[in-house]
Amino acid sequence: MRRGSCERELAARWEAEAVAAARRETEARALAALGQVSVDAGAAGEPERKEGEEEAKARAPARPRAAEEGDARVSPSKPKPAPALTPTPTRGLCQQGKPRGKGRGWKRSSGRRADDGGWQRVVTVDSSKAKTSLEALKISIRQLRWKEFPFGRRLPCDIYWHGVSFHDNDIFSGQVNKFPGMTEMVRKITLSRAVRIMQTLFPEEYNFYPRSWILPEELQLFTAQVQVVKEGDPSWKPTFIVKPDGGCQGDGIYLIKDPSDIRLTGTLQSRPAVVQEYICKPLLIDKLKFDIRLYVLLKSLDPLEIYIAKDGLSRFCTEPYQEPNSQNMHHVFMHLTNYSLNIHSNNFIHSDSANTGSKRTFSSILYRLSSKGVDIKKVWSDIISLVIKTVIALTPELKVFYHLDIPTGRPGPTCFQILGFDILLMKNLKPMLLEVNANPSMRIEHEHELSPGVFENVPSLVDEEVKVAVIRDTLRLMDPLKKKRETHFSDAFMDRKYRILPVSDRISAVKLKFLKLSVVRSQQLGKTVARKEDVDSKNAAGANSSPEAHLPSICLKQVFPKYAKQFNYLRLVDRMANLFIRFLGIKGTMKLGPTGFRTFIRNCKLSSSSLSMAAVDILYIDITRRWNSVTLDQRESGMCLQAFVEAFFFLAQRKFKMMPLHEQVASLIDLCEYHLSLLDEKRLLCSGVGRRGTAPDHSLPQETVPTAQSTGTIVGASKLSYSKPALS
Ligand code: ADP
């Protein structure tokens with residue numbers, strides 16, 4: 001009897017202990033999964049900090065940098081002794097037997113033991129090259145409770161934040177906030193060329209960019225075209241704006257009334273420019289001209305993913321606007337909205353309010369417009385459409401740059417980039433694209449002149465409000481651990497729910513799990529990228545215990561692939577770029593050689609009795625020579641993408657007569673893709689038989705390779721009647 005009761009007691013104690021242990025474990029798992037563990041702001045391996053301390057630390061000046069763990073430039077300080085609460089050895093140790101937390105972006109989780117034995121991985125950001133975006137970046141990293149490496153790090157970081165270009169650092173992994181080639185792509189001439197190709201194909205869709213000519217090469221064309229219109233309509237009194245290529249902050253810009261006013265003396269040859277129709281009737285607020293700076297995140301190039309920040313900035317002129325005339329044409333404070341210029345005006349108003357002053361939030365403008373009865377939804381949707389179309393114009397050549405730096409199959413980082421879109425609203429509310437900035441200013445302070453020539457930096461609340469949100473939410477979208485965490489969270493959530501449900505309800509839980517699995521599967525199939533965004537945000541919203549629970553809702557709105565259906569038909573040049581890249585080979589070049597071009601013609605079965613290979617060679621030489629004489633980059637010989645596009649237009653016009661150009665081009669692309677897919681299938685079969693499943697190397701030109709001499713002899717062959725298709 002006694003023995004029996006003793007056993008019962010013991011059994012009851014064991015049971016109670018087991019239940020308590022199970023509860024502890026469940027709680028710890030759920031908490032870890034729910035992200036309720038608070039993360040300290042210090043380096044991995046430091047003792048825990050309380051929230052107040054953490055905030056104080058965030059406000060305090062940056063820690064002495066030499067002591068930063070993992071600092072690439074200074075010898076790291078001695079590792080600190082293991083913290084009091086040591087993780088369970090087996091779980092807390094990495095393969096080498098060292099605590100995971102040491103310098104690897106692992107942080108101590110608070111009080112409770114998480115699944116990983118008390119260590120939680122945090123995202124690491126190398127900010128050593130952030131330049132003027134550093135302040136906003138630091139605030140963002142603190143808000144996210146991530147780990148910053150201000151001097152870089154010997155070990156790889158998750159994210160590299162560059163202030164200028166992709167090439168600021170040599171990086172082989174992680175994610176970089178710049179695409180190779182973006183700076184070149186958004187220069188005024190390159191952007192004008194890229195948009196012009198799209199205007200040739202889709203003139204209606206691309207009428208948001210003012211008519212532009214490239215100087216000096218199109219000076220004669222510009223003069224002639226203006227002359228023709230003036231003769232047809234003598235009342236036409238246009239104004240043009242001349243903008244030096246690669247210029248910024250209004251540098252070197254001036255207005256003209258006649259082509260003969262272009263300042264040819266000196267710099268035009270050495271500093272090419274774009275001359276553009278001046279938008280004479282902008283929308284005015286308080287009688288002032290203003291433009292909009294919108295932040296756009298190019299999250300991925302392939303597949304294309306674009307986000308737009310819900311708020312931007314409006315920069316105001318400081319002198320009341322009048323349509324240009326010979327008296328006011330040189331008044332920069334009246335015609336140019338650049339902040340860097342207007343800040344020097346006595347009329348410039350610094351304001352910490354978002355809806356007054358010379359720099360305001362775009363949302364404050366929309367609010368004002370809507371109070372006057374303007375359909376601001378339409379304004380927004382026109383802006384979104386402008387942004388998507390512009391990115392579609394830029395991506396083809398960007399892909400060529402990307403391929404050069406990070407060829408398919410080679411190790412390298414992935415890229416994302418915040419772009420600054422400068423947009424002018426016309427009086428009729430139509431948005432017009434002025435330019436795209438690859439390095440939009442992310443400064444959150446402005447210079448205040450204390451006395452003549454003496455400046456101090458003063459925080460700018462309007463800038464901070466907009467720019468910190470853009471950087472922080474870009475990082476949130478790029479968070480490499482997010483996917484992992486969410487899967488983990490939803491698994492733990494399911495497990496916990498499943499365990500506490502009565503048996504009868506478990507069946508529906510199984511159904512729920514099945515549902516989740518099928519969502520995951522369809523995501524894997526890439527079918528629900530846009531829907532996934534909704535699921536993600538609902539998950540985040542539903543779980544106030546998510547690690548992002550303390551943050552405001554994300555300020556970046558996905559617009560592509562969300563609206564892909566409406567815009568995919570415009571992506572013809574993108575498909576041409578895919579063909580171009582395929583025939584570039586793997587040599588690390590951006591230009592197609594004669595062999596590559598011939599291979600393209602042969603593989604796509606484009607030669608015929610009416611288009612001999614000799615004629616193909618002449619086409620290649622003719623177009624390539626002309627493009628090489630006008631493009632800035634003369635280092636490499638060969639056919640650039642624009643030249644390839646021109647040749648493609650020519651071939652399409654020959655093959656598919658009596659159709660609009662975009663249909664001719666689309667038909668030719670379809671044809672090429674069809675022949676190439678047949679070829680791929682054939683090769684796959686052959687290589688499967690011959691090399692037991694080794695995939696063919698698509699990046700190499702596959703056809704017979706004519707020698708340089710053979711091309712040389714063809715040059716003298718009968719002249720092909722080739723006329724340049726109009727690109728304007
Ligand atoms: P930058 O890179 O030097 O700032 P932009 O192209 O942005 O050059 O032009 C500077 C400013 O000139 C713009 O902010 C805008 O106010 C004005 N501007 C530029 N292009 C036009 C145009 N086509 N019509 C009217 N104003 C223009």
Side-chain angles (χ1 to χ4, degrees), residues 59 132-140 143 248-250 282-295 308-322 331-372 374 376 379-380 383 418 420-425 427 429 431 434-435 437 439-473 552 555:
R59 267 183 262 113
T132 53
S133 53
L134 187 62
E135 276 314 304
L137 178 65
K138 273 183 184 295
I139 297 176
S140 305
Q143 289 184 359
C248 60
Q249 306 188 331
L283 180 73
L284 304 181
I285 284 190
D286 301 334
K287 299 192 176 135
L288 299 170
K289 176 176 172 177
F290 68 96
D291 76 353
I292 307 159
R293 160 61 57 86
L294 270 190
Y295 299 94
I308 301 185
K310 289 176 190 160
D311 206 353
L313 294 169
S314 301
R315 287 106 29 119
F316 279 71
C317 278
T318 42
E319 189 181 328
Y321 184 78
Q322 289 168 7
H331 289 203
V332 285
F333 297 150
M334 178 187 287
H335 293 291
L336 306 189
T337 48
N338 298 77
Y339 164 78
S340 52
L341 295 174
N342 284 282
I343 192 153
H344 299 295
S345 157
N346 291 335
N347 298 335
F348 191 92
I349 304 168
H350 287 288
S351 169
D352 282 343
S353 153
N355 50 12
T356 56
S358 299
K359 197 192 264 189
R360 310 180 194 176
T361 58
F362 179 45
S363 54
S364 77
I365 304 289
L366 286 176
Y367 182 75
R368 191 155 161 179
L369 292 177
S370 97
S371 70
K372 288 183 178 167
V374 169
I376 55 168
V379 174
W380 248 122
I383 289 178
I418 299 171
F421 273 63
D422 289 352
I423 294 168
L424 194 71
L425 280 183
K427 201 173 175 181
L429 296 167
L434 296 179
E435 72 161 347
N437 291 274
N439 299 314
S441 162
M442 285 294 169
R443 289 183 79 121
I444 50 172
E445 55 198 16
H446 61 80
E447 278 183 351
H448 175 64
E449 196 163 7
L450 293 171
S451 56
V454 182
F455 293 91
E456 69 164 351
N457 283 336
V458 185
S460 161
L461 295 186
V462 176
D463 283 288
E464 188 170 330
E465 184 184 322
V466 173
K467 294 175 183 174
V468 169
V470 169
I471 294 187
R472 182 198 60 224
D473 292 349
C555 78

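Counting from 1, the numbers follow the sequence of the chain as shown.
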Applying side-chain contact (heavy atoms from CB on, under 4.5 Å) to Phe316 and Asn342, what does each step give before you reach the verdict?
CA-CA 8 Å; Phe316 279 71; Asn342 284 282; over 6 Å; no
Leu424 and Lys289: side-chain contact (heavy atoms from CB on, under 4.5 Å), yes or no, with the steps?
CA-CA 9 Å; Leu424 194 71; Lys289 176 176 172 177; 4.0 Å; yes
Stepwise, does the side-chain contact (heavy atoms from CB on, under 4.5 Å) test hold for Tyr367 with Ile376?
CA-CA 8 Å; Tyr367 182 75; Ile376 55 168; over 6 Å; no
Steps toward salt bridge (Lys or Arg N to Asp or Glu O under 4.0 Å) verdict (Arg360, Asp286):
CA-CA 13 Å; Arg360 310 180 194 176; Asp286 301 334; 3.1 Å; yes
Run the numbers on Ser441 and Lys467 for side-chain contact (heavy atoms from CB on, under 4.5 Å), then give the verdict.
CA-CA 9 Å; Ser441 162; Lys467 294 175 183 174; 3.7 Å; yes
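Looking only at side-chain heavy atoms (C-beta outward), Leu369 and Leu283 come within less than 4.5 Å of each other. Using a 4.5 Å heavy-atom cutoff, the side chains of Pro552 and Arg472 are in contact.
Note that NE2 of His446 and CG of Leu461 are 8.5 Å apart. Values are rounded to the nearest 0.5 Å. Considering CD1 of Ile308 and CG of Leu294, their distance stands at 7.0 Å, rounded to 0.5 Å. Summarising the geometry, atom OH belonging to Tyr321 is positioned 12.0 Å from atom CG belonging to Leu288; distances are rounded to the nearest 0.5 Å. Atom-to-atom distance recorded for Asp473:CG and Gln143:CD is 9.0 Å, nearest 0.5 angstrom. Atoms SG and CD1, from Cys555 and Ile471 in turn, are 10.5 Å apart once rounded to the nearest 0.5 Å. Distance check, rounded to the nearest 0.5 Å: CD of Glu135 to CD of Glu445 gives 6.5 Å.
Evaluation of the salt bridge (Lys or Arg N to Asp or Glu O under 4.0 Å) rule for Arg293 yields Asp422 as partners, not counting sequence neighbours. Remark: Ser353 pairs with Ser351, Asn355, Thr356 by the side chain to side chain contact (heavy atoms under 4.5 Å, CB included) rule, at least two apart or across chains. For Lys359, the salt bridge (Lys or Arg N to Asp or Glu O under 4.0 Å) partners two or more places apart in sequence, or in a different chain, are Asp463. In terms of the salt bridge (Lys or Arg N to Asp or Glu O under 4.0 Å) criterion, Glu465 has no residue partners (sequence neighbours excluded). For Ile349, the side chain to side chain contact (heavy atoms under 4.5 Å, CB included) partners at least two apart in sequence or on another chain are Ser358.
The heavy-atom pair separating Ala309 from Trp380 by the smallest distance is O-CH2, 3.6 Å. Closest approach of Met442 and Ser133 over heavy atoms only: CB-CB, 3.5 Å. The shortest heavy-atom contact between Ile444 and Glu464 is CG2-CA, 3.7 Å. Considering all non-hydrogen atoms of both residues, Val466 and Tyr295 come closest at CG1-CE1, 3.8 Å. Between Leu341 and Gly250 the shortest heavy-atom distance is CD1-CA, 4.1 Å. Shown here for Ile423 and Pro431, the closest heavy-atom pair between the two residues is CG2-CB, 3.7 Å.
A donor-acceptor pair under 3.5 Å links the side-chain atoms of Ser364 to the main chain of Ala354, judged by distance alone.
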Check: residues 332-339 side-chain donor-acceptor pairs under 3.5 Å, at least two apart:
from   : atom 1 : to     : atom 2 : distance (Å)
His335 : ND1    : Tyr278 : OH     : 2.8
His335 : NE2    : Asn328 : O      : 3.4
His335 : NE2    : Asn328 : OD1    : 3.2
Thr337 : OG1    : Asp291 : OD2    : 3.1

